[in-house]
Amino acid sequence: MRDLGVGFGYLMKGQRWVGRHRRWFGFGLLPGLVTLVLYAAALVGLAYGADDLTAWATPFADDWSSPWQGVFRGFLTALLFAFGLFLAVITFTAVTLLVGQPFYESLSEDVDRTEGGEVPGSELPLWRELWISARDSLRVLARVACYGILLFALGFIPVVGQTVVPVIGFCVSGFFLAEELTAVALQRRGVELKERLAMLRGRRMLTLGFGVPLTLAFLVPFVAVFLMPGAVAGATLMVRDLEAGEAHETRQAHAQAQAQPDAGGAATKEWRA
């Protein structure tokens with residue numbers, strides 16, 4: 001459980017970093033503002049059309065008596081909008097990062113530079129980086145959609161669908177949101193999507209501690225735009241420590257592997273003696 005607090009700490013550290021480097025804060029707002037306008041228009045359209053879409057999808061309820069028809073369709077409409085909001089929260093980050101790829105990659109590099117140590121840089125042309133980002137985002141979106149459909153179906157279960165399922169939904173959103181943000185730093189390091197997911201699953205509570213509060217904050221209008229630069233900075237700081245932890249574990253495993261043959265040889269000599 002300690003990792004939950006550590007993950008949240010990275011989110012706060014990232015916000016403090018952009019607070020000290022306000023130039024990056026200003027640049028980081030632009031892609032978020034563009035994406036926010038697009039998503040706001042889509043959600044408003046969904047809010048206006050959700051009732052009609054639900055009525056079209058449930059013709060069998062046309063002859064139901066009141067109030068059951070209204071309750072049933074109202075519940076489905078709420079679930080539909082919640083599903084749309086769920087997808088918006090997940091895809092907002094991916095689209096914003098895609099729109100602002102050059103800004104956020106430079107921001108991430110500057111975080112590495114100010115924190116010291118190696119500053120990995122991608123040697124790929126911009127169009128190639130955009131293609132990889134878009135491809136990986138679609139793969140993540142496919143996973144999210146599968147979870148979303150499953151959670152949407154589980155939402156019909158009484159009590160559980162209104163209590164446990166939303167909590168699981170926020171955890172799923174937080175995990176994949178963290179993946180999208182850490183991808184900026186990890187892609188520069190040449191880490192593929194499969195490896196990124198394995199790395200974050202290995203520190204699941206840390207990942208949720210970073211991603212879930214951010215998911216909740218992103219539900220508030222305009223907050224996502226202002227938190228994005230700090231979120232990218234915080235994700236880069238988290239990647240640096242995860243990378244250092246993995247390197248330390250690798251060194252320990254290598255040292256143990258070297259020590260075992262020596263210990264076996266010493267035991268053999270002692271037995272012969």
Side-chain angles (χ1 to χ4, degrees), residues 1-22 24-25 28 90 93-94 96-97 100-101 103-122 129 132-133 136-137 140 170-218 224 226-257:
M1 295 299 290
R2 176 180 171 274
D3 269 359
L4 283 173
V6 175
F8 183 72
Y10 284 120
L11 183 58
M12 294 296 99
K13 288 177 183 178
Q15 302 304 322
R16 287 196 294 269
W17 189 92
V18 294
R20 295 193 303 269
H21 304 79
R22 297 190 179 183
W24 287 115
F25 180 74
I90 292 297
T93 302
T96 303
L97 292 174
Q101 175 83 11
F103 295 105
Y104 294 129
E105 188 169 307
S106 298
L107 188 157
S108 180
E109 285 182 0
D110 204 34
V111 171
D112 278 327
R113 190 173 296 107
T114 57
E115 295 299 311
E118 184 182 358
V119 183
S122 176
E129 291 180 3
I132 293 173
S133 297
D136 289 348
S137 294
V140 170
F170 280 119
C171 289
V172 171
S173 300
F175 180 86
F176 286 109
L177 184 60
E179 192 286 323
E180 290 285 355
L181 289 164
T182 54
V184 178
L186 288 172
Q187 190 174 310
R188 286 192 296 109
R189 289 162 165 80
V191 181
E192 295 291 333
L193 175 62
K194 186 176 180 180
E195 298 174 77
R196 298 201 300 262
L197 291 172
M199 179 185 293
L200 295 178
R201 287 193 195 104
R203 299 291 300 275
R204 196 182 302 273
M205 298 307 289
L206 177 73
T207 305
L208 294 179
F210 180 85
V212 172
L214 198 58
T215 301
L216 294 171
F218 276 18
F226 292 100
L227 292 184
M228 272 298 294
V232 173
T236 303
L237 294 171
M238 186 167 75
V239 165
R240 289 173 58 86
D241 287 352
L242 285 174
E243 199 176 39
E246 284 199 343
H248 178 67
E249 290 177 2
T250 301
R251 286 195 298 269
Q252 281 190 325
H254 183 66
Q256 288 177 355

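Hydrogens, waters and symmetry mates are skipped; everything else that's a heavy atom, side chains included, is used.
With a 6.0 Å radius and a threshold of 12 heavy atoms from other residues, nucleotides or ligands, Arg2 has its CZ atom at or below the threshold.
Applying the side-chain hydrogen bond (donor to acceptor under 3.5 Å, both in side chains) definition to pairs two or more places apart or across chains, those involving residues 6-18 are Tyr10-Asp241, Trp17-Thr114. Annotation: salt bridge (Lys or Arg N to Asp or Glu O under 4.0 Å) contacts involving residues 170-179, sequence neighbours excluded, comprise Glu179-Arg196.
To the nearest 0.5 Å, atom CD of residue Gln187 and atom OG1 of residue Thr182 are 11.0 Å apart. Atoms CG and CG, on Asp136 and Leu186 in that order, are 11.0 Å from each other to the nearest 0.5 Å. Put simply, CG on Asp110 and CD on Glu115 are 10.0 Å apart, with the number rounded to the nearest 0.5 Å. Phe103 CZ to Trp24 CH2: the interatomic distance, rounded to the nearest 0.5 Å, is 9.0 Å.
You'll find the side chain of Asp3 stays beyond 4.5 Å of the side chain of Leu208, heavy atoms only. Side-chain atoms of Val18 and Val232, non-hydrogen and from C-beta on, never get closer than 4.5 Å to each other. Inter-residue side-chain proximity for Met205 and Val6 is flagged as unmet; no heavy-atom pair is nearer than 4.5 Å. At least one side-chain heavy atom of Leu242 sits under 4.5 Å from a side-chain heavy atom of Leu206. The side-chain heavy atoms of Leu181 and Phe210, taken from C-beta on, include a pair separated by under 4.5 Å.
Take Glu192 and apply the salt bridge (Lys or Arg N to Asp or Glu O under 4.0 Å) test, not counting sequence neighbours, and it matches Arg135. In this structure, the side-chain contact (heavy atoms from CB on, under 4.5 Å) partners of Phe170, at least two apart in sequence or on a different chain, are Thr215, Leu216, Leu219. Residues meeting the salt bridge (Lys or Arg N to Asp or Glu O under 4.0 Å) test with Arg189, sequence neighbours left out: Asp112, Glu243. Partners of Thr236 by side chain to side chain donor-acceptor pair (under 3.5 Å), not counting sequence neighbours, listed by chain and number: Ser108.
Across all non-hydrogen atoms, the minimal contact from Gly211 to Leu177 is O-CD2, 3.9 Å. Counting all heavy atoms, side chain and backbone alike, Ala217 lies closest to Leu227 at CB-CD1, 3.6 Å. Listed here is the closest heavy atom pair of Thr207 and Ala178: CG2-CB, 3.5 Å.
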Test side-chain contact (heavy atoms from CB on, under 4.5 Å) on Met238 and Leu11; report intermediate values, then the result. CA-CA 9 Å; Met238 186 167 75; Leu11 183 58; over 6 Å; no
Kindly determine whether Leu214 and Phe218 satisfy side-chain contact (heavy atoms from CB on, under 4.5 Å), including the steps that lead there. CA-CA 6 Å; Leu214 198 58; Phe218 276 18; 3.6 Å; yes
